[in-house]
Amino acid sequence: MPRNRSTKIVATLGPASSTYSRIFELAEAGVDVFRLNASHGTQAEHAERYRQIRAVEETVGRPIGVLLDLQGPKLRVGTFAQGPVALKTGGRFRLDLDLTPGDGGRVCLPHPEIFQSLERGHDLLLNDGRIRLRVLSCGPDHAETEVLVGGNLSDRKGMNVPGATLALSALSEKDRSDLRFGLALGVDWIGLSFVQRPEDILEARELIGDRAHVMTKIEKPAALPHLHEIIRLSDAVMVARGDLGVELPPEDVPGLQKRMIRMSRQLGKPVIVATQMLESMISEPSPTRAEASDVANAVYDGADAVMLSAESASGSFPVEAVAMMDRIVRRVERDPLYRRIMDSEHPNPEATTPDALSAAARQIAETISAAGIVTFTATGSTALRASRERPTVPILGLSVRRDTARRLALGWGIHPVWTSADIESFAEMVERASLVASQEGIGAPGQSLVVTAGVPFGTPGATNALRVISIAPNDGTPPLVDAARKSLLEPV
């Protein structure tokens, strides 16, 4: 049965949520896409979680998306000879390439590409922004800095360089290994971390091909001048507020979040809002009111999905966190203000037949009070165009490709269904749309459906037909998706 909400939920799996029973509980509580975080856990652990997700998918009978989130090029300092050191405000501290363990005056920074990008006056952030240094002078193998904000610094703490575009690939050697692993496993989405420029996405696409879809994480200020092109080249976008909030003033992040969501919607790309959404539920059974408002605001902004990280991966209340997020989303979407916001911000369709038909499908469905919009789609583009319109009715996305059906689990308002056979005629299209809509709980006999498809059938990206049909009485025909569901656990 379809969710009684349009905004989707992404949840991260980890030590608190790796068993079949827990993943099943999370799916039942509202998860549409599961995230495997390559920054934590081993490949063997992620492979087992993936296997359990697909077993749960078979049980619940609906496509579930899987995102493998790559770690990205983490910048870390080296080690200290005598344990943690205290950096005092106003003091001096040196960063260099010397692998000798550090002390209170220096430490190794084993990233020569950083020194190539530094300039006098650049600020450096250590330990998630708790410590701030300013570059006084620098060379190809060192940087002399002043401590602007002091604190304790220990082995291998992370570093951010907010004022520079670093000569780093978005894919480290670990990322490339994890990417090969994820593609062999059959994940649906690859999350690219620390993207700085459009070329980072092109580099990843050369390796990924058509085996998965690219989700770009916007978390570096260096990406902002290229934001439109980065989103255009991506299949989906994640507003990753963690590192973005470290490198930018906190007051800048909310406006950027809205800008990224709006731009993603205009370009027809699914967009996720992530990081610390229900942070207190890592250890508490209910969120703060501010956290509830944070989730609600992302929904009011029109995000396709909201995401849980540590709350579901390592927290004490993973299922409760998903259920709470589900409740917040449903409550927002029942608010008349939400509908007015969605109706006031329909992106202008491009001058193409598929875009024109998608806009028309929404208008017709709302005018005649149709039960839903049905899209027949090979690649998912038809359903995502319909999703961009934010219609008042559910979107039934039918595809004979299971990877497409799983991809559509992320799209706003889309109820994806993997069918067992393609269609070859208009008559078959009408029959299939009517039957699956009835079986999936989208509408009742006699209600109208607005159907879009491409002719000739099965041609990717060729949406050129729109038809209004009525749902026929169910004659007891076995569900058309059963044959597909029985094959869900086959190797990909």
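The basis for the numbers below is simple: all heavy atoms, side chains too, and nothing from hydrogens, waters or symmetry mates.
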Colleague: Any heavy-atom pair between the side chains of Met307 and Met277 that's under 4.5 Å?
Modeller: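 In short, these two side chains do not touch, never coming nearer than 4.5 Å.
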Colleague: Could you walk me through whether Glu389 and Ile373 pass the side chain to side chain contact (heavy atoms under 4.5 Å, CB included) test, one step at a time?
Modeller: CA-CA 11 Å; Glu389 292 294 318; Ile373 296 170; over 6 Å; no
Colleague: Apply side chain to side chain donor-acceptor pair (under 3.5 Å) to the pair Gln71 and Asp178, showing each step before the final yes or no.
Modeller: CA-CA 9 Å; Gln71 176 177 280; Asp178 289 334; over 6 Å; no
Colleague: If you measure from CZ on Arg385 to CG on Leu357, what distance do you get to the nearest 0.5 Å?
Modeller: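 Interatomic distance, Arg385 CZ to Leu357 CG, rounded to 0.5 Å: 9.5 Å.
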Colleague: Do you see a donor-acceptor pair shorter than 3.5 Å between the side chains of Arg35 and Thr12?
Modeller: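 Yes, Thr12 and Arg35 have a side-chain donor paired with an acceptor closer than 3.5 Å.
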Colleague: Hey, are the side chains of Asn160 and Leu75 touching, using non-hydrogen atoms and a 4.5 Å cut-off?
Modeller: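 No, too far: nothing below the 4.5 Å cut-off.
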Colleague: What's the spacing between Ser264 OG and Ile231 CD1 if we round to 0.5 Å?
Modeller: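 Answer for the OG-CD1 pair, Ser264 versus Ile231, is 4.0 Å.
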Colleague: Going from OG1 on Thr216 to CE on Met260, what distance comes out if it is rounded to the nearest 0.5 angstrom?
Modeller: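 That separation rounds to 12.0 Å.
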Colleague: Quick test of your reading of the model: are Arg407 and Asp403 salt-bridged, counting only N-O distances below 4.0 Å?
Modeller: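 No.
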Colleague: Measure the shortest side-chain to side-chain distance between Val161 and Leu125 over non-hydrogen atoms and say whether it is less than 4.5 angstrom.
Modeller: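 They are not in side-chain contact.
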Colleague: Measure the shortest side-chain to side-chain distance between Leu36 and Asp69 over non-hydrogen atoms and say whether it is less than 4.5 angstrom.
Modeller: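 In short, these two side chains do not touch, never coming nearer than 4.5 Å.
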Colleague: Hey, are Thr7 and Glu333 close enough side-chain-wise for a donor-acceptor pair under 3.5 Å?
Modeller: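 Yes.
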Colleague: Got Met324 and Pro287 here, is their nearest side-chain heavy-atom distance under 4.5 Å?
Modeller: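 Sidechains of Pro287 and Met324: in contact.
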Colleague: Check step by step if side chain to side chain contact (heavy atoms under 4.5 Å, CB included) holds for Leu109 and Met159.
Modeller: CA-CA 9 Å; Leu109 180 62; Met159 169 179 283; 3.7 Å; yes
Colleague: Using only heavy-atom distances, determine whether the side chains of Ser280 and Glu291 contain a donor-acceptor pair under 3.5 Å.
Modeller: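 Yes, because at least one side-chain N or O of Ser280 sits under 3.5 Å from a partner of the opposite role on Glu291.
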Colleague: Using side-chain heavy atoms (C-beta onward) and a distance below 4.5 Å, is Leu384 in contact with Ile414?
Modeller: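 When only atoms from C-beta onward are counted, Ile414 and Leu384 do touch, with a gap below 4.5 Å.
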Colleague: Going from CG on Leu207 to CZ on Arg211, what distance comes out if it is rounded to the nearest 0.5 angstrom?
Modeller: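 Reported to 0.5 Å precision, the distance equals 8.0 Å.
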Colleague: Does any non-hydrogen side-chain atom of Ile64 lie less than 4.5 Å from one of Phe34?
Modeller: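 Phe34 reaches Ile64 side chain to side chain.
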Colleague: Considering only NZ, NE, NH1 and NH2 on the basic side and carboxylate oxygens on the acidic side, decide whether Asp210 and Arg205 come within less than 4.0 Å.
Modeller: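 Salt bridge absent between Asp210 and Arg205.
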Colleague: Give the table of side-chain donor-acceptor pairs shorter than 3.5 Å for residues 294-305, with sequence neighbours excluded, one pair per line with atom names and distance.
Modeller:
from   : atom 1 : to     : atom 2 : distance (Å)
Asp294 : OD1    : Arg241 : NH1    : 2.9
Asp294 : OD2    : Arg241 : NH1    : 3.3
Asp294 : OD2    : Arg241 : NH2    : 2.8
Asn297 : ND2    : Ser293 : O      : 3.2
Tyr300 : OH     : Asp335 : OD2    : 2.5
Asp301 : OD1    : Lys258 : NZ     : 2.7
Asp301 : OD2    : Lys258 : NZ     : 3.3
Asp304 : OD1    : Val271 : N      : 3.1
Asp304 : OD1    : Arg390 : NH2    : 3.2
Asp304 : OD2    : Trp412 : N      : 3.1

Colleague: If only side-chain N and O atoms count, and only distance matters, is there a donor-acceptor pair under 3.5 Å linking Asp175 with Ser172?
Modeller: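 Their side chains do contain a donor-acceptor pair, which is all the 3.5 Å distance test asks for.
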Colleague: Are Ser18 and Glu48 close enough that a side-chain donor and a side-chain acceptor fall under 3.5 Å?
Modeller: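 Absent: no donor and acceptor within the cut-off.
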Colleague: Check this for me: does any side-chain nitrogen of one of Asp243 and Lys217 sit under 4.0 Å from a carboxylate oxygen of the other?
Modeller: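 Salt bridge flag = no for Lys217 with Asp243.
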Colleague: Would you please test Arg176 and Glu203 for salt bridge (charged side-chain N to carboxylate O under 4.0 Å, His left out) and show each step?
Modeller: CA-CA 11 Å; Arg176 292 171 184 272; Glu203 179 186 359; 2.6 Å; yes
Colleague: Taking all non-hydrogen atoms of both residues, which atom of Val451 and which atom of Ala433 are closest, and how far apart?
Modeller: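 Taking Val451 first and Ala433 second, the nearest heavy atoms are CG2-CB, 4.0 Å.
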Colleague: Can you run down the salt bridge (Lys or Arg N to Asp or Glu O under 4.0 Å) pairs that involve residues 263-274, sequence neighbours left out, and say none if there aren't any?
Modeller: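 Output for this query lists Arg265-Glu345.
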Colleague: State whether Glu57 and Arg406 are salt-bridged, where the test is any N-O pair (Lys NZ or Arg NE/NH1/NH2 against Asp/Glu carboxylate O) under 4.0 Å.
Modeller: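 A salt bridge links Glu57 with Arg406.
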Colleague: Taking Met263's backbone N and O only, do any of them form a donor-acceptor pair with His228's side chain (distance below 3.5 Å, no angle check)?
Modeller: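 Between the backbone of Met263 and the side chain of His228 there is no qualifying donor-acceptor contact (under 3.5 Å).
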Colleague: On a heavy-atom basis, which atom in Ala16 and which in Gly315 lie closest, and how many Å separate them?
Modeller: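 Smallest heavy-atom distance, with atoms named: CB-O, 3.4 Å.
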Colleague: State, to 0.1 Å, how close Ala409 and Lys8 come at their nearest heavy-atom pair, and which atoms those are.
Modeller: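 The answer is O-NZ, 3.0 Å.
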Colleague: How far does CG of Leu396 sit from CG of Leu449, to the nearest 0.5 angstrom?
Modeller: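 The CG atom of Leu396 sits 8.0 Å away from the CG atom of Leu449.
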Colleague: Could you walk me through whether Leu248 and Leu224 pass side chain to side chain contact (heavy atoms under 4.5 Å, CB included), step by step?
Modeller: CA-CA 11 Å; Leu248 288 172; Leu224 299 179; 4.2 Å; yes
Colleague: Do you know the tightest heavy-atom contact between Pro73 and Ala170?
Modeller: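 Distance-wise, the nearest heavy atoms are CD-O, 3.6 Å.
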Colleague: Decide if atom CD of Glu173 counts as having more than 12 heavy atoms of other residues, nucleotides or ligands within a radius under 6.0 Å.
Modeller: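 Open: at most 12 neighbouring heavy atoms sit under 6.0 Å from CD of Glu173.
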Colleague: Please round to the nearest 0.5 Å and tell me the distance separating atom CG of Leu408 and atom OG of Ser387.
Modeller: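 Between atom CG of Leu408 and atom OG of Ser387 there are 9.0 Å.
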Colleague: Within the side chain of Ser234, is there an N or O that forms a donor-acceptor pair under 3.5 Å with the backbone of Val237?
Modeller: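 Side chain of Ser234 to backbone of Val237, a donor-acceptor pair under 3.5 Å: no, none is there.
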Colleague: So, His226 side chain and Pro198 main chain: donor-acceptor pair closer than 3.5 Å or not?
Modeller: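 Flag not set: sc His226 to bb Pro198 has no pair under 3.5 Å.
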Colleague: Give me the one residue out of Glu25, Glu311, Arg22 that meets side-chain contact (heavy atoms from CB on, under 4.5 Å) with Pro318.
Modeller: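 Of all the options given, the one that passes is Arg22.
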Colleague: Return yes if some donor-acceptor pair links the side-chain N/O of Ser399 with the main-chain N/O of Thr377 below 3.5 Å, else return no.
Modeller: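 Yes: the side chain of Ser399 pairs with the backbone of Thr377.
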Colleague: Counting only heavy atoms not in Arg339, do more than 12 sit closer than 6.0 Å to its CZ atom?
Modeller: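 For Arg339, atom CZ is crowded (more than 12 foreign heavy atoms under 6.0 Å).
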Colleague: Does this structure show an ion pair linking Glu366 with Arg362, if we count only N-O contacts that are shorter than 4.0 Å?
Modeller: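 Here Glu366 pairs with Arg362 in a salt bridge, since their nearest N and O are under 4.0 Å apart.
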Colleague: Decide yes or no for His122 and Val135: does some side-chain heavy atom of the first lie under 4.5 Å from some side-chain heavy atom of the second?
Modeller: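 Heavy-atom side-chain distance check passes, below 4.5 Å.
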Colleague: Hey, is the main chain of Gly242 close enough, under 3.5 Å, to the side chain of Gln276 for a donor-acceptor pair?
Modeller: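 Flag not set: sc Gln276 to bb Gly242 has no pair under 3.5 Å.
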Colleague: Identify each donor-acceptor pair in which a side-chain atom of residues 179-192 lies under 3.5 Å from a protein atom, sequence neighbours left out, and give them as a table.
Modeller:
from   : atom 1 : to    : atom 2 : distance (Å)
Asp188 : OD2    : Arg54 : NH2    : 2.9
Asp188 : OD2    : Val66 : N      : 2.8

Colleague: Between the side chains of Thr375 and Thr382, does any donor sit under 3.5 Å from an acceptor?
Modeller: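 No, Thr382 and Thr375 have no side-chain donor paired with an acceptor closer than 3.5 Å.
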Colleague: Would you please test His213 and Ile208 for side chain to side chain contact (heavy atoms under 4.5 Å, CB included) and show each step?
Modeller: CA-CA 8 Å; His213 304 287; Ile208 296 170; over 6 Å; no
Colleague: For Gln196, does its backbone N or O pair with a side-chain atom of Lys220 as donor and acceptor, under 3.5 Å?
Modeller: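 Looks like no, no N/O pair under 3.5 Å.
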Colleague: Is the backbone N or O of Val214 less than 3.5 Å from a side-chain atom of Asp235, with the two atoms forming a donor-acceptor pair by type?
Modeller: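 Indeed, once roles are kept as given, a pair shorter than 3.5 Å links the two residues.
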Colleague: Can a donor-acceptor pair be found, under 3.5 Å and without considering hydrogens, that links the side chain of Trp418 to the backbone of Val400?
Modeller: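 Yes, the answer is positive, given that a donor and an acceptor are paired below the 3.5 Å cut-off.
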Colleague: Which heavy-atom pair separates Ala11 from Val31 by the least distance, and what is that distance?
Modeller: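 Where Ala11 meets Val31 most closely, the heavy atoms are CB-CG2, 3.6 Å.
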